[in-house]
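Have a look at the structure below before the remarks.
So you know, we letter chains A, B, ... as the sequences are listed, proteins then strands, and number each from 1. Just so you know, these numbers use all the heavy atoms, side chains as well, and skip hydrogens, waters and symmetry mates.
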Protein chains: 2
Amino acid sequence: MFRARCLLRALRACSSAPCPRQRPAARVSVRGALGVQSANGERVKVQGWIRSIRSQKEVLFLHVNDGSSLESLQVVADSSFDSRELAFGSSVEVQGQLVKSPSKKQNVELKAEKIEVVGSCDAKAFPFKYKERHPLEYLRQYPHLRCRTNVLGSVLRVRSEATAAIHSFFKDSGFVHIHTPVITSNDCEGAGELFQVEPSSKIKVPEENFFNIPVFLTVSGQLHLEVMSGAFTQVFTFGPTFRAENSQSRRHLAEFYMVEAEISFLESLQDLMQVMESLFKTTAMTVLSNCPKDVELCHKFLAPGQKDRLEHMLKNNFLIISYTEAVEILKQASQNFTFTPEWGADLHTEHEKYLVKHCGDIPVFVINYPLVLKPFYMRDNEDGPQHTVAAVDLLVPGVGELFGGSLREERYHLLEQRLARLGLTEAYQWYLDLRRFGSVPHGGFGMGFERYLQCILGIDNIKDVIPFPRFTHSCLL
Amino acid sequence: MFRARCLLRALRACSSAPCPRQRPAARVSVRGALGVQSANGERVKVQGWIRSIRSQKEVLFLHVNDGSSLESLQVVADSSFDSRELAFGSSVEVQGQLVKSPSKKQNVELKAEKIEVVGSCDAKAFPFKYKERHPLEYLRQYPHLRCRTNVLGSVLRVRSEATAAIHSFFKDSGFVHIHTPVITSNDCEGAGELFQVEPSSKIKVPEENFFNIPVFLTVSGQLHLEVMSGAFTQVFTFGPTFRAENSQSRRHLAEFYMVEAEISFLESLQDLMQVMESLFKTTAMTVLSNCPKDVELCHKFLAPGQKDRLEHMLKNNFLIISYTEAVEILKQASQNFTFTPEWGADLHTEHEKYLVKHCGDIPVFVINYPLVLKPFYMRDNEDGPQHTVAAVDLLVPGVGELFGGSLREERYHLLEQRLARLGLTEAYQWYLDLRRFGSVPHGGFGMGFERYLQCILGIDNIKDVIPFPRFTHSCLL
């Protein structure tokens, strides 16, 4: 535990004088060991899994990894340590001295005094082979083991860093974090692609419904966030959302994570887009600075050219075009589309891709969509004859739609009319209440977290950026 | 957006010379305004909701709150600003000058130059009345509005702070954050109190099951975390978990949050308990230091004496007793229990309460439970004739069980035997795999986040520490 601190203490104690042999070795992570600037024989204990093993006449080289970093620690041992159990995938505990490495590949290496195999690895049965680079599709078959590979290790460390960076971004900007509910009785909003929740058949509940009413897995925390923005002004949530979409696409999952924010007293899409762009860029910069090697691995082996594409996105101001302009651009395109672009019709993936290309591979906000295309809560622009609402989508290279947001209809009478037209007045009385009691102009957005990771890392399939992907016909573990 | 920074910039610009009238007022949060050390006529714009209004002959006093803090900002205005719409619950935008307050109640007040009612409040219909303190049971009927009260505002700000503190605790200790799945096909572990998930009846899916197999809402991320601890050594998750428990208790919810951690190369319960105690105390200290007023409100109005009880918990080392000792203590108790304490039987809430009292209201770890009481994955202590496993629960005053944890059975043959006895070998082949390929001693724990908040704040009912409580017969919004 608290290995970094332990090491620091241990090294402080060691630095002034050579350590006597009897001092117990300080437990240190691989990352901690590799971070030692001028190794000078500090006695440490490192635990991890063997990533490679090379036996020379009198010397044995091991690389030990514990997941604290992409890089492994090189262990140099007397060949007498060699044993059959010391193999790829085995777990080991190594005690020895941290010394300056003669090789240029690493600063530090561990001169082993004691090597203990903690758990051996059945190499024949182990699905990953030493020195082989397995395709991502192959790794997907082993959700319980793939995290032990370099690439999934890097992706999941980046995911962890990005999660922390997003929490920090909002906290530093004064947002209150809200756990919006996963189980909800709101079923009217979506397109019907909902998962329903019921007690398992094993349970006897007196009533027909556990909750008295049918309940579903949330498709968005937005409406619940709107409740909270009426108290805390700036709120965000970062949790799982669900779609029972019968899709095998490389951009869709049945369970995925959304970052959503809602801001009161916000009156323009411009202000909203500023937060979206800032969230995108701040998080990316933090990730690039905190785990450069992990990002580099993905860029190098999975997405050549992605490094430059990402830099291009980060150094340019995102662009803004209206939906109407977007349709004009598409109409004038030399390309033939499967779906003919037309004012009043949805933008399809092929259109999104074209628009991003057209914008020089810079992320582009598309704003002010036709009212008929969008849900009841989006703010009416009261324009015409092409009637629009204050909606915004952010399209990014490679991924397409990454963010969706809007100003919300805060005017009681306009919202009431739209709900009445949809026959939803009763179900959304509570939502109307928010406009009856101190209503304020407000707006918000949602960002698909997995798509964000795809966009940053250049990873083609969404199933490779989430620890345990759930999609049609697949729920392993 | 980024109000704190904006204010800082604005104040910097203002500080050297008096601001000319024409400079646009900097938008600032109430918290930002209240934090100004020596107000000197800075022109600012504040937006929020009216919490109180008092009209004197020539002066009007408003208190405006925007949820950035418990405290409201006092606005002082000429009585000519008075209007019917300026009422409790209305939203307003106030421009004016930040000045030193002559009153001792606050350092700063806002001398209004312009007051705009953004949204009026239908006072007759508004369920909360000016100056009235409503019971928590009453507030629970209005999940869309109760966050606008002082007490729920404070609780949810504390919840947000504690969330951030927990993320920081693990990040600072080198843990990797993992999003464990909400939907899972593991159904064998629990007591059967599971929610099942299916596509809503509105959807036509060719196959009978969307995922090909029955799937459920997770009851714990532990098994998935164990997968990840085999790659990253130290991992944690913080997400929703579910129980279809038919309970109306003040300690149970159908949807609640769990903080779970898993640590590889961990060989003793002692090391595990150290992390648990450190998580409890570090988070509490951070919350106390970051939102003292919010905590104070809860302690003062909802739980008199809780301040001292919490301090007592924080300054003492948590205690450790074995399950066997606990049963002895209970047997020797003068108190009559509904369930007679006996070796081999579960500890009930009445027992837990007694044990904590017996330990002087200091949180107490109970370790080494009978093997027959605990799930298959807990590490066999191979003792006897009273056969135990290396399990640990933390009992705390007021709440009872707050943490549960254990060392995990990492020895392949022992785990295999226990799975075989339960007929689970096939279903848990993947779990056995983790012991086939570089197995390591490891352990972990889970902490109920809502119970933790109850314990810190002294809040009696779990439904009051979560934004939208879900329990039997209730899923509002």
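Rounding to the nearest 0.5 Å gives a distance of 11.5 Å between CD of B/Q196 and CD of A/Q196. With rounding to the nearest 0.5 angstrom, the CD atom of A/E410 is 5.5 Å from the OG atom of A/S439. To the nearest 0.5 Å, atom CG of residue A/L225 and atom OG1 of residue A/T180 are 5.5 Å apart. From A/F175, atom CZ reaches atom OG1 of A/T233 across 10.0 Å, with rounding to the nearest 0.5 Å. Here CE of A/M228 is found 10.0 Å from OG1 of A/T237. Values are rounded to the nearest 0.5 Å.
The candidate from A/H224, A/R435, A/E226 with the greatest count of non-hydrogen atom pairs under 4.5 Å with chain B is A/H224. In terms of non-hydrogen atom pairs under 4.5 Å with chain A, the most contact-rich of B/Y142, B/W430, B/F242 is B/W430. Between chain A and the residues B/G438, B/G67, B/G119, the largest count of heavy-atom pairs under 4.5 Å involves B/G438. Per-residue counts of heavy-atom pairs under 4.5 Å with chain A were compared for B/H167, B/R31, B/R411; the largest is that of B/H167. In terms of heavy-atom pairs under 4.5 Å with chain A, the best-connected choice from B/S90, B/G153, B/S68 is B/G153. Counting heavy-atom pairs closer than 4.5 Å to chain A, the top residue among B/P441, B/A125, B/A164 is B/A125. Residue with the most contacts toward chain B among A/G48, A/A123, A/P143: A/G48 (heavy-atom pairs, distance under 4.5 Å). Per-residue counts of heavy-atom pairs under 4.5 Å with chain B were compared for A/S120, A/G89, A/G230, A/G174; the largest is that of A/G230. Top candidate by heavy-atom pairs under 4.5 Å with chain B, chosen from A/I213, A/L434, A/L476, is A/L434.
Classified by interplanar angle (parallel below 30°, tilted 30° to 60°, perpendicular above 60°), the ring pair A/F236/A/F170 is parallel.
Contact of B/P214 with chain A is not made at all, since no heavy-atom distance falls under 4.5 Å. With a 4.5 Å cut-off on non-hydrogen atoms, A/V182 touches chain B through its backbone and its side chain both. Using a 4.5 Å cut-off between heavy atoms, B/P240 contacts chain A through its side chain alone, with no backbone atom that close. Using a 4.5 Å cut-off between heavy atoms, B/S168 does not touch chain A at all. Looking at B/V235, neither its backbone nor its side chain comes within 4.5 Å of chain A, counting heavy atoms on both sides. When heavy atoms are compared at a cutoff of 4.5 Å, B/V440 approaches chain A by way of both its backbone and its side chain. Using a 4.5 Å cut-off between heavy atoms, B/T184 contacts chain A through both its backbone and its side chain. Looking at B/Y431, there are no atoms closer than 4.5 Å to chain A (heavy atoms on both sides), in backbone or side chain. Only the side chain of A/A254 comes within less than 4.5 Å of a heavy atom of chain B; its backbone N, CA, C and O stay farther away. With a 4.5 Å cut-off on non-hydrogen atoms, B/E161 touches chain A through its side chain but not through its backbone. Both the backbone and the side chain of B/I183 come within less than 4.5 Å of a heavy atom of chain A. Both the backbone and the side chain of B/H179 come within less than 4.5 Å of a heavy atom of chain A. Proximity to chain A (any heavy atom under 4.5 Å) is shown, for B/I466, by neither the backbone nor the side chain. Neither the backbone nor the side chain of A/V117 comes within less than 4.5 Å of any heavy atom of chain B. Of the atoms belonging to B/F256, not a single heavy atom falls under 4.5 Å from chain A. Heavy atoms closer than 4.5 Å to chain A are found in the side chain of B/F238, but not in its backbone. Using a 4.5 Å cut-off between heavy atoms, B/S229 contacts chain A through its backbone alone, with no side-chain atom that close.
Taking the six-membered ring for Trp and the full ring otherwise, A/W49 and B/F232 have centroids separated by 6.0 Å or more. Close placement of the B/F195 and A/F210 rings is indicated, their centers lying within 6.0 Å of each other.
At least one cation-pi condition fails for A/R27 and B/F265: the charged atom is not both under 6.0 angstrom from the six-membered ring centre and inside a 45 degree cone around its axis.
With sequence neighbours excluded, the residues satisfying salt bridge (Lys or Arg N to Asp or Glu O under 4.0 Å) with A/R436 are A/D433, B/D122.
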